[in-house]
Amino acid sequence: MKVLVTGADDFIAGAILARLAASGWARPHADNRPLPAALRGKVTSLQVNASDAKALARALPDFDAVVHCSGPAPRAIVASAQALYNALA
């Protein structure tokens, strides 16, 4: 299973990525943010802007699931959530 986790440098996203990587059943990927040092080599970093609906639409068919943790600014949360919605529409 391939899981796209947005906001990889966030505390919650980092914890999700670490659990997915340790589980053995998921191949987690991160978005275009830098990975925390503890996750480097354990997850694949995907260069996609979570606020770019067209880029997400191109990337999403390769994934089985998305965990959306982008933020932390309110505008960034809204923009990335809207982009994800538009990419899935």
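Throughout, numbering of the chain's residues begins at 1 and tracks the sequence.
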Q: Sub-3.5 Å donor-acceptor pair from the side chain of Ser80 to the main-chain atoms of Ala50, do we have one?
A: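 Checked: no pair found.
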Q: Tell me, with the steps shown, if Leu56 and Lys54 meet side chain to side chain contact (heavy atoms under 4.5 Å, CB included).
A: CA-CA 5 Å; Leu56 285 171; Lys54 290 180 182 177; over 6 Å; no
Q: Are Leu39 and Val3 connected in the hydrophobic side-chain network, where two residues link if heavy atoms are under 4.5 Å apart?
A: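 Both belong to a single hydrophobic cluster.
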Q: Give every residue pair that meets the ring-ring contact (aromatic ring centres under 6.0 Å, His included) criterion with at least one member in residues 30-62, sequence neighbours excluded.
A: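 Every candidate ring-ring contact (aromatic ring centres under 6.0 Å, His included) pair involving residues 30-62 fails, so no pair, neighbours aside, qualifies.
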Q: Name the atoms and distances for all side-chain donor-acceptor pairs under 3.5 Å in residues 16-23, with sequence neighbours left out.
A:
residue : atom : partner : partner atom : Å
Ser23   : OG   : Leu20   : O            : 2.7
Ser23   : OG   : Trp25   : N            : 3.3
Ser23   : OG   : Trp25   : NE1          : 3.3

Q: Which other residues end up in the same hydrophobic cluster as Ile77, if Ile, Leu, Val, Met, Phe, Trp and Tyr are linked when side-chain heavy atoms come under 4.5 Å apart?
A: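 Noted: Ile77 shares its cluster with no other residue.
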Q: Are there more than 12 heavy atoms of other residues, nucleotides or ligands under 6.0 Å from atom CD1 of Ile12?
A: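 Check fails, neighbour count at 12 or below.
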Q: Among the clusters formed by ILVMFWY side chains lying less than 4.5 Å apart, do Val67 and Leu46 turn up in the same one?
A: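 Hydrophobic grouping puts Val67 apart from Leu46.
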Q: Taking Val78 as the starting point, is it possible to reach Leu88 by hopping between hydrophobic residues whose side chains are less than 4.5 Å apart?
A: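 No; Val78 is not reachable from Leu88 via cluster members.
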Q: Write out all pairs satisfying ring-ring contact (aromatic ring centres under 6.0 Å, His included) with one or both partners inside residues 66-89, taking only residues at least two apart or from two chains.
A: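 Non-adjacent pairs meeting ring-ring contact (aromatic ring centres under 6.0 Å, His included): zero.
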Q: Got a sec, which residues hit side chain to side chain contact (heavy atoms under 4.5 Å, CB included) with Ala13, two or more places apart in sequence or on another chain?
A: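 Testing Ala13 for side chain to side chain contact (heavy atoms under 4.5 Å, CB included), a comparison that skips the adjacent residues, returns Val5, Asp10, Cys69.
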Q: Only counting residues at least two apart or in another chain, list the ones meeting side chain to side chain donor-acceptor pair (under 3.5 Å) with His29.
A: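 Partners of His29 by the side chain to side chain donor-acceptor pair (under 3.5 Å) criterion come out as none, since no residue qualifies.
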Q: Counting only pairs under 3.5 Å, give me each side-chain donor-acceptor contact of residues 57-65, with atom names and distances, residues two or more places apart or in other chains.
A:
residue : atom : partner : partner atom : Å
Asp64   : OD2  : Lys2    : N            : 2.8

Q: CG/Leu4 to CG/Leu84 distance, rounded to the nearest 0.5 angstrom?
A: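 That separation rounds to 8.0 Å.
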Q: Could you pull out all residues at least two apart from Arg40 that satisfy side chain to side chain contact (heavy atoms under 4.5 Å, CB included)?
A: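 Arg40: side chain to side chain contact (heavy atoms under 4.5 Å, CB included) contacts with Leu35, Ala37.
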